[in-house]
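The chains referred to below are lettered A, B, ... by the order of the sequence lines, with proteins before strands, and numbering in each begins at 1. Since we're looking at a predicted model, the values are computed, not measured.
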Amino acid sequence: MKDIVALCKRRGFIFAASDIYGGINGFWDYGPLGVELKNNLRDLWWKSMVLCPPLGPKGTAYEGQPVDIVGLDSSIIQNPKAWEASGHVGGFSDPMVDDRETKLRYRADHLVAYSWNKGNAEKPVYIALQDGMEDEDKIKRLKKLGFSQELSEYTRTPFTDPSILANLDKVIGPDAKEAGTLTEPKQFNLMFHTFIGATGGEENKAYLRPETAQGIFLNFKNVVDSSRVRVPFGIAQIGKAFRNEVNPRNFIFRSREFEQMEMEWFCHPDEAKIWRDFWFEERSKFWKAIGLRSDNLRMRQHDQDELSHYAKAGLGTADIEYRFPFTAPDFGELEGIAHRCDFDLTQHQAHSKVKLEYLDPVTQQKFMPHVIEPAAGLTRGVLAMITEAFTIDPNRPSGVYLDFHPALAPKKAAILPLTAKDEHPVIATKLYMELRNDFAVDLDIKQNIGKRYARQDEIGTPYCFTIDDQTVADQTVTVRERNTMKQERIGLDHVAEYLRKNIKAI
RNA sequence: GCGGGUGUAGCUUAGUGGUAAAGCUCCAGCCUUCCAAGCUGGCUAUGAGGGUUCGAUUCCCUUCACCCGCUCCA
């Protein structure tokens, strides 16, 4: 992993954000090649979803014909009420307390401290208990710690009371053996705040979106009313999302600012399963088509207890996971396909008071569509692409090369005159000018040919076209293929066609 | 968030309480007819802040970033 991070920096894929100030935890910048790679992945996803979506599954009206998906680019900042409706504000903003000994976590406002001075007023001992416990269990717990009074004899103080927080070293946690293992309560809201307007008081508070999905639900009615779509259909969006992660880790895998590629598929509740299976299949195919090896991919159904608030009911969530170097031999999430039921539309309808039900024009049935959501991490995808491509090869000068699928490679080809003399640069420049209109190509004239091949290997350029004396004589160039280092000669006038044929992924 | 570790140039490594050294990379020039060759020249570093000291990259404190393990990931 260290080598991958180093290569990313050395060759201009990914830099630490604010590098010259020592970096900033959880943020990364995409360099000249990184942005090309990310854009390529983004464009392939967009193509596979919006421009050229798959044919529908068997057992639906869509069998054999393309499904309907339209694009969207919604604002990062929305009305804060939207995040209350979605459950992002209320659901995860409570003060939490950790127990360093047992590693358990409690809501601070659910804890109550029981104390009994035991005849020694100088040194009260507090026993924190979950307020919701049955009295019987409280007595049992207190007894276990050596306190056998009636419950009424104890002083009962809310845990969040300053007198308790100032004496945490004397508090025994609900499951701890000794006092002093509980931490100060901490706010755990993962949403970034900001303030709208130059004066910025609390009443002007707003949030940066923690997922792109909500922008789609907020525009569901607008799209239905304007775009001649009929359920089932999808709305796709790619964009940045922000989460104040407690602990960003593993390069760009978990960062605080990241990019998502999400599509919300609206369908009749009865068809949810068909579409869930369909999208799961399609999305798996996508990742394989652009170069991830199947043995590095895994499909995993979420357990009931790890489901998000929106997916508790319904068919649950299935992840497409990739074996990243830092998770290996285990896997890390790359994309989740969730059945969000009608949670979001129902919530927004209730909070906004705007009717979001759908009237099927054929059956005249009115219903709240269910949502199947394939939600992929664009930046995680980039990381998967880079780690998959990273190949050690002691038999070549660079010692390593990036085995990108040609469709993903930041540079599709390099045009290299064998020497900087004679006709070589002239022909090379002419070829470069022809190709650059259609392909991301490099022209590199300086230094010896071996160095230039090595450089292209390290940035994953799949093809190098070299101009030599024979080119001058018979108008052919050599093509060097990155992975095999093999060369063949093709006509100068066939280069564009050669590239077009070889860089197609989907 | 907890525990442990690491911070000298883009990389790999030297070294010192008193002008920070080298190889590779990179850039420029020369040379070069297929895989980082050679020659000449050049850019670039003690993570940041504070303290002790005449003087700190070196000693002390704080902080930041990264790595490993746990935790977390609505």
Novice: Give the nucleotide from the list B/rA36, B/rA74, B/rC35 with an atom nearest to the side chain of A/I449.
Specialist: B/rC35
Novice: Check every atom of B/rC27, B/rG1, B/rA36 against the side chain of A/N247 and return the nucleotide holding the closest atom.
Specialist: B/rG1
Novice: Report which part of the nucleic acid A/A420 touches: base, sugar-phosphate, or nothing (heavy-atom distance under 4.0 Å, all strands).
Specialist: base
Novice: Of the options B/rC34, B/rC66, B/rC27, whose atoms approach the side-chain atoms of A/T478 most closely?
Specialist: B/rC34
Novice: To the nearest Å, give me how far apart CD (A/E481) and C1' (B/rC35) are.
Specialist: 15 Å
Novice: I want to verify a distance call: between B/rC35, B/rG10, B/rC66, whose nearest atom is closest to the A/N25 side chain?
Specialist: B/rC66
Novice: Remember a base hit wins even if backbone is also touched, and classify A/R256 as base, sugar-phosphate or nothing at under 4.0 Å, heavy atoms.
Specialist: nothing
Novice: Distance check needed: B/rC67 C1' versus A/F324 CZ, whole Å only.
Specialist: 18 Å
Novice: Please determine, for the side chain of A/K446, which listed nucleotide (B/rA28, B/rU71, B/rU32) has the closest atom?
Specialist: B/rA28
Novice: Hey, is the side chain of A/R249 poking within less than 4.0 Å of OP1 or OP2 on B/rU71, counting only N and O atoms?
Specialist: no
Novice: To the nearest Å, how far apart are A/L190 CG and B/rC72 C1'?
Specialist: 9 Å
Novice: Considering every strand and a 4.0 Å limit on heavy-atom distances, what is the contact class for A/E458: base, sugar-phosphate, or nothing?
Specialist: base
Novice: Go ahead and name the base partner of B/rG42; Watson-Crick or wobble counts if both distances stay under 3.5 Å, otherwise write none.
Specialist: B/rC26
Novice: Between the base of B/rC72 and the side chain of A/E245, is there a donor-acceptor distance below 3.5 Å?
Specialist: no
Novice: A/H424 NE2 to B/rU32 C1': how many Å, rounded?
Specialist: 12 Å
Novice: Measure from NZ on A/K486 to C1' on B/rC34 and round the result to the nearest Å.
Specialist: 16 Å
Novice: Would you classify A/K421 as touching base, sugar-phosphate or nothing, given that sugar-phosphate means primed atoms plus P, OP1 and OP2, and contacts are heavy atoms under 4.0 Å?
Specialist: sugar-phosphate
Novice: Any salt bridge between A/R380 and A/E335, counting N to O under 4.0 Å?
Specialist: no
Novice: Is it the case that the side chains of A/E262 and A/T212 hold a donor-acceptor pair, with the cut-off being a distance below 3.5 Å and no angle test?
Specialist: yes
Novice: Compute both the distance and the angle, then confirm whether A/K38 meets the cation-pi test with A/Y30: under 6.0 Å from the six-membered ring centre, within 45 degrees of the axis.
Specialist: yes
Novice: Check every strand shown and say whether A/Q470 touches a base, only sugar-phosphate, or nothing at a heavy-atom separation below 4.0 Å.
Specialist: nothing
Novice: Check whether A/Y401 forms a cation-pi arrangement with A/R396 (NZ or CZ under 6.0 Å from the six-membered ring centre, at most 45° off the ring normal).
Specialist: yes
Novice: For the pair made of CG in A/N395 and P in B/rA36, what is the distance, rounded to whole Å?
Specialist: 13 Å
Novice: Is the Lys NZ or Arg CZ of A/R283 less than 6.0 Å from the centre of A/F286's six-membered ring, within 45° of the axis?
Specialist: yes
Novice: Assess, by modelled atom type and distance only, whether the side chains of A/T327 and A/D330 contain a donor and an acceptor separated by less than 3.5 Å.
Specialist: no
Novice: Specify the separation, in whole Å, of atom NZ of A/K451 and atom C1' of B/rU25.
Specialist: 8 Å
Novice: Please state how far atom CG in A/D457 lies from atom P in B/rA36, giving the value in whole angstrom units.
Specialist: 11 Å
Novice: Counting heavy atoms from C-beta on, name the nucleotide in B/rG69, B/rA37, B/rC34 closest to the side chain of A/L418.
Specialist: B/rC34
